[in-house]
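Since the structure comes first, as structure tokens, the remarks are kept for the end.
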Number of protein chains: 2
Amino acid sequence: MKITIYDVAEKAGVSISTVSKVLNNQQVGKKSKEKVLSAMNELKYKPSVLASALTGKRTSTIGFLLPDIANPFIAEMARQVEDRAHERGYNLVICSTDFRSEKEEHYVSLLRQKSVDGFIFAGGFKNRNVVMELLKENVPVILLAAEPHPNLTVNTVTVDNFVGGYEIANYLISQGHKNIAVIAEDATSSQERIRGYKQAMQDHSLFVQDEHIMICNSSVEHAQKLTEAILDTPNPPTAIIGANDLLAIGILIGAREKNLVIPQDLSITGFDNTLLSKCCDPTLTTVDQPIQSMCSQAVNILLAEIEGKHNTRQKILVLPKLIIRNSTCEVY
Amino acid sequence: MKITIYDVAEKAGVSISTVSKVLNNQQVGKKSKEKVLSAMNELKYKPSVLASALTGKRTSTIGFLLPDIANPFIAEMARQVEDRAHERGYNLVICSTDFRSEKEEHYVSLLRQKSVDGFIFAGGFKNRNVVMELLKENVPVILLAAEPHPNLTVNTVTVDNFVGGYEIANYLISQGHKNIAVIAEDATSSQERIRGYKQAMQDHSLFVQDEHIMICNSSVEHAQKLTEAILDTPNPPTAIIGANDLLAIGILIGAREKNLVIPQDLSITGFDNTLLSKCCDPTLTTVDQPIQSMCSQAVNILLAEIEGKHNTRQKILVLPKLIIRNSTCEVY
DNA sequence: CTGAAAGCGCTAACAT
DNA sequence: ATGTTAGCGCTTTCAG
């Protein structure tokens with residue numbers, strides 16, 4: 001029932017290899033080409049990607065590994081990447097890994113069996129070994145908004161998280177805050193953000209209390225819990241930095257639970273400039289990542305490698321932008 | 001390079017068909033099986049899904065069409081569906097269609113060339129023809145949180161949008177509102193929600209003004225614009241129903257722009273009970289869709305059809321739940 | 001410029 | 001229980 005290249009060939013009165021040639025637009029006589037084309041139309045022929053991939057062609061699908069597609073920042077990236085990839089004829093198969101090593105490994109293995117053409121790791125990952133393995137076997141890979149582990153020579157597009165962390169802390173300090181806490185995920189990009197924060201504190205001779213750097217899973221609830229806990233401390237911070245907008249929302253809710261008025265009683269900042277940061281009240285001071293440009297560059301680099309043009313690996317670091325909104329103010 | 005079934009066969013000292021048999025665990029002698037298994041391990045053999053699919057097996061990947069993966073409600077569903085599918089060994093390739101007929105058609109055609117095993121249309125779609133076509137050719141399909149067009153006999157799992165619309169309007173009416181507007185997308189599920197709203201109005205002998213039912217694209221900005229416009233009207237509503245949380249956020253922002261205090265000056269409701277509705281301030285009165293149960297049922301039904309068990313089509317209608325929060329109050 | 005034929009990695013009769 | 005062989009639908013030498 002499925003109609004194949006043979007049907008087209010027969011109808012057009014040529015051989016299958018001629019059909020194949022027009023499919024891949026190689027040299028074919030004008031007449032033959034026309035006959036083939038119209039046969040294809042009449043039969044509504046659609047070539048099988050499976051068969052063509054089996055002979056060494058691409059599948060035109062790429063594996064998109066991310067911590068959690070339900071995370072708004074990730075989802076926004078997914079949309080951008082999807083659109084850019086689709087413009088070039090590629091589809092995305094998404095896999096949420098929850099930062100779990102086994103999941104990453106499992107998904108990569110599965111997708112390789114399905115012969116995806118390459119991988120994008122977006123928003124962070126845990127298992128550097130799977131990446132190294134991929135690299136070793138020359139499978140195209142790129143990290144997007146995910147900090148490359150230092151000794152991993154892999155294509156990367158990321159915002160400068162260190163600068164982002166620095167700027168947001170610096171801003172808070174300029175507003176008179178001296179006692180600033182951080183709530184962050186256990187992810188490499190958060191680590192960079194924290195490093196930036198520490199640097200800023202140090203540059204202003206401020207003391208960083210270790211208990212004020214809290215590691216949190218990715219849930220709003222956990223951030224809220226941690227916030228309530230630290231607010232009950234004898235010497236609570238006057239500002240809390242959330243390592244992403246989602247966590248900042250958790251902080252917001254926690255603070256509200258403690259009857260604090262934001263930002264008067266507590267300044268709160270996020271990171272990523274997601275929809276969330278614009279919708280909550282007060283709107284969040286946060287750090288913008290230029291998602292569009294990052295995603296389009298990532299897709300370009302990956303596809304260039306897949307399509308065999310060019311091949312020099314690169315790390316692209318884009319600059320973040322501080323977005324000041326209403327969740328922060330001068331300390332009283 | 002790539003190691004195949006031949007390599008395994010050779011190493012194990014058996015024929016490829018024996019290897020194939022253990023792969024698909026069919027009857028194989030205990031000894032042979034062991035030899036094959038250990039050969040596979042040593043060689044780190046991974047069967048090619050392409051090749052196996054080419055001979056008529058499944059690809060174990062399913063097409064997931066949705067309006068926009070960046071939409072929080074959709075993204076939450078995507079996560080659930082992904083997890084349920086993955087438990088059964090399936091992957092998802094996502095395609096954002098923006099409710100565009102051509103995109104739906106194009107993606108479906110592309111994915112069929114890639115031999116996906118079935119399709120999920122989540123959160124709405126436009127082009128009923130592509131669905132009908134799929135149905136006609138016996139491709140497994142299911143609609144998830146997408147209203148089936150009346151004469152489309154397709155598997156469906158959806159919340160009862162009519163009831164949802166009715167309940168939220170009814171609640172508003174019980175709070176004394178008589179002048180209630182609606183901002184909705186041009187999607188079938190919104191139409192059902194609107195129908196519910198109209199029914200509630202009618203049941204209370206309230207007049208529905210046509211200008212108070214506004215069609216909006218899916219953006220926060222557009223909802224905001226429409227809100228500001230209607231608020232400038234001579235006889236503005238005392239409550240506005242957003243057909244989903246995203247639109248409700250737009251309404252919220254628009255109202256705030258007009259210096260209204262929510263909910264005292266204007267009650268606002270959403271739909272979907274997304275993260276957004278819990279994070280904004282005031283928190284949104286909305287309607288909960290039992291996403292988890294919907295998604296797991298949808299996956300079950302689709303995979304049952306794919307795997308050829310059973311085959312009776314069904315429409316599952318789950319009940320929505322009104323969630324009363326702080327964006328609504330009695331009319332003054 | 002066009003066609004015949006081998007082969008991609010695997011499955012499924014059919015033999016043995 | 002195991003092996004042989006003919007495809008699945010397409011690409012790609014290699015002849016003609």
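Labels below follow one simple rule: chain letters A, B, ... track the order of the sequence lines, proteins then strands, and each chain is numbered from 1. All heavy atoms count here, side chains included; hydrogens, waters and symmetry mates do not.
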Problem set entry | Candidates B/Leu302, B/Leu303, B/Thr61 - the one meeting side-chain contact (heavy atoms from CB on, under 4.5 Å) with B/Tyr90 |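 Exactly one option meets the side-chain contact (heavy atoms from CB on, under 4.5 Å) with B/Tyr90, and it is B/Leu303.
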Exercise. Can you name the one residue among B/Leu135, B/Asn127, B/Asn129 that meets side-chain contact (heavy atoms from CB on, under 4.5 Å) with B/Val131?
Worked result: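 Filter result, single survivor: B/Leu135.
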Measure the distance from [atom1] on [X] to [atom2] on [N] and round it to the nearest whole Å.
{"X": "A/Leu43", "N": "D/dG9", "atom1": "CG", "atom2": "P", "answer": "14 Å"}
{"X": "A/Asn24", "N": "D/dT13", "atom1": "CG", "atom2": "P", "answer": "12 Å"}
{"X": "A/Asp7", "N": "D/dC8", "atom1": "CG", "atom2": "C1'", "answer": "13 Å"}
{"X": "B/Glu10", "N": "D/dT2", "atom1": "CD", "atom2": "C1'", "answer": "17 Å"}

Less than 3.5 Å apart, which donor and acceptor atoms pair up between the side chains of residues 48-56 of chain B and the rest of the protein, not counting sequence neighbours?
| unit_1 | atom_1 | unit_2 | atom_2 | d |
| --- | --- | --- | --- | --- |
| B/Ser48 | OG | B/Leu50 | N | 3.3 |
| B/Ser48 | OG | B/Ala51 | N | 3.1 |
| B/Thr55 | OG1 | B/Ser52 | O | 2.8 |

Smallest separation among heavy atoms of [X] and [Y], with atom names:
{"X": "B/Lys57", "Y": "B/Asn24", "answer": "NZ-OD1, 3.5 Å"}
{"X": "A/Ile74", "Y": "A/Ile69", "answer": "CG2-CA, 4.4 Å"}
{"X": "B/Val130", "Y": "B/Phe121", "answer": "CG2-CZ, 3.9 Å"}
{"X": "A/Val159", "Y": "A/Leu317", "answer": "O-CD1, 4.1 Å"}

For this session: Tell me, please, the opening and closing nucleotides of DNA chain C, 5' to 3', among those with an atom under 4.0 angstrom from a non-hydrogen atom of chain A.
Result: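 Going 5' to 3' along DNA chain C, contacts run C/dC1 to C/dG9.
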Exercise. Quick check: are there more than 12 heavy atoms from other residues, nucleotides or ligands sitting under 6.0 Å from CD of B/Gln292?
Worked result: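 12 or below, so no.
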Problem set entry | Positions of residues 49-56 of chain A (non-hydrogen atom under 4.0 Å from DNA chain C), listed by number |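 Heavy-atom cutoff 4.0 Å gives A/Leu54, A/Thr55.
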For this session: For the residue pair A/Phe125 and A/His149, categorise the inter-ring angle as parallel (less than 30°), tilted (30 to 60°) or perpendicular (more than 60°).
Result: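 Perpendicular, since the angle between the ring planes exceeds 60°.
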Provide a list of protein-nucleic acid N or O atom pairs under 3.5 angstrom, restricted to nucleotides 4-6 of chain D.
| unit_1 | atom_1 | unit_2 | atom_2 | d |
| --- | --- | --- | --- | --- |
| D/dT4 | O4 | B/Ser17 | OG | 3.3 |

Exercise. Looking at five pairs on each end of the helix from C/dC1-D/dG16 to C/dT16-D/dA1, what is the angle between the two axes, given to 10 degrees?
Worked result: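 Overall, the helix from C/dC1-D/dG16 to C/dT16-D/dA1 bends by 40° from one end axis to the other.
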For this session: Using the closest heavy atom to pick a nucleotide of DNA chain D for each, name whichever of A/Lys2 or A/Gln26 lands nearer the 5' end.
Result: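 Of the two residues, A/Lys2 wins.
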Problem set entry | Candidate pair A/Leu144 and A/Thr158, rule side chain to side chain contact (heavy atoms under 4.5 Å, CB included), full reasoning | CA-CA 6 Å; A/Leu144 170 59; A/Thr158 178; over 6 Å; no
Exercise. Does the side chain of A/Asn161 come under 3.5 Å of the side chain of A/Glu147 through a donor N or O and an acceptor N or O?
Worked result: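 Per modelled atom types, A/Asn161 and A/Glu147 side chains form a pair under 3.5 Å.
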Problem set entry | salt bridge (Lys or Arg N to Asp or Glu O under 4.0 Å) partners for A/Glu10, two or more places apart |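 For A/Glu10 there are no salt bridge (Lys or Arg N to Asp or Glu O under 4.0 Å) partners, ignoring immediate neighbours.
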Exercise. Given B/Lys126 and B/Glu104, is the salt bridge (charged side-chain N to carboxylate O under 4.0 Å, His left out) satisfied, shown in steps?
Worked result: CA-CA 8 Å; B/Lys126 197 89 182 188; B/Glu104 291 166 0; over 6 Å; no
Exercise. Looking across every strand, which nucleic acid part, if any, lies under 4.0 Å from A/Val14 by heavy atom: base, sugar-phosphate, or nothing?
Worked result: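 The residue A/Val14 makes sugar-phosphate contact but no base contact.
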